Amino acid sequence: MSYLKSEWDFDDYPIETWKNHSTEQNDVEFGARFSNWSGLFAYGNTKYQAIENLKIQFIDYKKNHQELPRPGANVPFEFVENVRIQNYESIAVDFFDKIIGIGFYNCYISDLTSLHEFDLDLEPTLKKIESEYGITPIDSDLFLADIFELIHNKKSSS
């Protein structure tokens, strides 16, 4: 069907889901990705939640790319730059420890990595960011590079 149209939505893409049998974390118990699209995947505590998180990833991807790959087409893994993240590395290390609860160096974080990608309950997470850093992220995309820049600017002005 993807050959009959030139613009695609989330529902046009074939989705694969799986259960992570060896995980001890409930929030990554299930995974979801588009078939043949190696770089776009998401996790959740249920199959439904993993698919919903994949939808968020898709929306973010669509905002930041002029063209979408055809559904079912082979899309190789693509690393996005992390120049802005590297500029705020010390803030990122602290943020990951206090807010996300994983080690910053245990994953790849790009300039387009969003807080949405970590399957955190958003409202309490934003309150925790405000409590820890005295900032309130206002951009609905919640890109980590933007959050780190706000933290940096807050520290610089203090």
Side-chain angles (χ1 to χ4, degrees), residues 1-89 91-93 95-96 99-126 129 136-152:
M1 292 297 289
S2 68
Y3 288 105
L4 301 177
K5 47 198 272 194
S6 59
E7 291 188 28
W8 304 287
D9 295 317
F10 181 80
D11 294 328
D12 294 319
Y13 288 84
I15 296 175
E16 298 173 11
T17 59
W18 64 91
K19 181 170 174 56
N20 293 320
H21 295 284
S22 61
T23 187
E24 294 179 13
Q25 295 175 253
N26 289 340
D27 59 340
V28 295
E29 190 171 354
F30 291 87
R33 74 179 192 118
F34 296 126
S35 297
N36 299 325
W37 194 337
S38 56
L40 200 61
F41 51 90
Y43 297 97
N45 57 358
T46 65
K47 180 178 169 181
Y48 173 79
Q49 186 62 53
I51 292 170
E52 287 301 305
N53 289 338
L54 181 63
K55 188 179 287 189
I56 292 169
Q57 296 281 340
F58 177 77
I59 291 167
D60 285 344
Y61 183 92
K62 196 172 180 178
K63 283 182 188 176
N64 293 295
H65 293 80
Q66 290 183 348
E67 291 185 30
L68 291 174
R70 184 181 56 75
N74 187 21
V75 182
F77 194 79
E78 170 187 324
F79 283 101
V80 177
E81 287 187 353
N82 65 352
V83 174
R84 290 182 65 210
I85 294 292
Q86 289 176 359
N87 288 338
Y88 304 115
E89 183 176 358
I91 292 171
V93 169
F95 185 90
F96 268 69
I99 305 299
I100 298 178
I102 62 173
F104 172 72
Y105 298 109
N106 293 336
C107 52
Y108 179 80
I109 305 301
S110 79
D111 291 344
L112 297 179
T113 299
S114 170
L115 195 57
H116 296 294
E117 296 175 37
F118 294 94
D119 195 31
L120 301 168
D121 194 5
L122 194 55
E123 190 173 322
T125 302
L126 293 175
I129 292 169
T136 304
I138 53 174
D139 184 0
S140 64
D141 291 331
L142 297 173
F143 292 120
L144 294 181
D146 295 337
I147 294 171
F148 299 159
E149 184 174 348
L150 286 172
I151 294 168
H152 171 78

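Keep in mind the model is a prediction, meaning the values are calculated, not measured.
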To the nearest 0.5 Å, tell me how far Thr113 OG1 sits from Asn82 CG. 8.5 Å

Report the distance from atom OG of Ser110 to atom CG of Leu144, rounding to the nearest 0.5 Å. 8.5 Å

Rounded to the nearest 0.5 angstrom, the CG-CD distance for Asp111 and Gln86 is 8.0 Å

Looking at Gly31 and Ala50, what are the two nearest heavy atoms and their distance? C-CB, 3.9 Å

Without hydrogens or angle criteria, can the side chains of Asn53 and Gln57 be said to hold a donor-acceptor pair below 3.5 Å? no

Validation row: Asp146, Arg84 side chains within 4.5 angstrom (heavy atoms): yes

Once you measure the plane-to-plane angle for Phe41 and Tyr43, does it fall in the parallel (<30°), tilted (30-60°) or perpendicular (>60°) bin? perpendicular

Contacts of Asp9 meeting side-chain contact (heavy atoms from CB on, under 4.5 Å) (sequence neighbours excluded), chain-then-number -> Asp12, Lys62

Which value, rounded to the nearest 0.5 Å, describes the distance between Tyr48 atom OH and Thr17 atom OG1? 14.5 Å

Across all chains, not counting sequence neighbours, the side-chain contact (heavy atoms from CB on, under 4.5 Å) partners of Asn64 are Leu112, Phe143

Evaluate Phe104 against Ile85 for side chain to side chain contact (heavy atoms under 4.5 Å, CB included), listing each step before the verdict. CA-CA 11 Å; Phe104 172 72; Ile85 294 292; 3.7 Å; yes

Gap between atom CD1 of Ile51 and atom CD1 of Ile56 - 0.5 Å precision: 13.0 Å

State, to 0.1 Å, how close Cys107 and Phe96 come at their nearest heavy-atom pair, and which atoms those are. SG-CE2, 3.8 Å

Taking the six-membered ring for Trp and the full ring for Phe, Tyr or His, determine whether the centres of Phe34 and Phe10 are under 6.0 Å apart. yes

Could you go step by step and tell me if Tyr88 and Phe148 meet the ring pair (Phe, Tyr, Trp, His ring centres under 6.0 Å) rule? CA-CA 6 Å; Tyr88 304 115; Phe148 299 159; 7.1 Å; no

How would you list all residue pairs meeting salt bridge (Lys or Arg N to Asp or Glu O under 4.0 Å) that involve residues 29-44, not counting sequence neighbours? Glu16-Arg33, Lys19-Glu29

Got Leu40 and Leu54 here, is their nearest side-chain heavy-atom distance under 4.5 Å? yes

Qualifying residues under side-chain contact (heavy atoms from CB on, under 4.5 Å), relative to Thr125, sequence neighbours excluded: Ile99, Leu115, Leu120, Ile129

For side chain to side chain contact (heavy atoms under 4.5 Å, CB included), just list the numbers for Glu7 and Leu68, CA-CA rounded to whole Å, side-chain angles, deciding distance to a tenth of an Å, and then say yes or no. CA-CA 8 Å; Glu7 291 188 28; Leu68 291 174; over 6 Å; no

Restricting to side chain to side chain donor-acceptor pair (under 3.5 Å), what partner residues turn up for Glu81, sequence neighbours left out? none

Results of side chain to side chain donor-acceptor pair (under 3.5 Å) for Glu117 - residues two or more places apart only: none

Min side-chain heavy-atom separation Ile59-Lys55 under 4.5 Å: yes

Could you pull out the closest heavy-atom pair between Ser114 and Asp60, with the gap in Å? CB-OD2, 3.7 Å

Heavy-atom count around Leu122 CG within 6.0 Å, excluding the residue itself: above 12? yes

Which heavy atom in Leu126 sits nearest to a heavy atom in Pro137, and how many Å separate them? CD2-CG, 4.0 Å

Testing the basics here: between Phe118 and Ile102, what is the closest heavy-atom pair and its distance to 0.1 Å? CE2-CD1, 4.1 Å

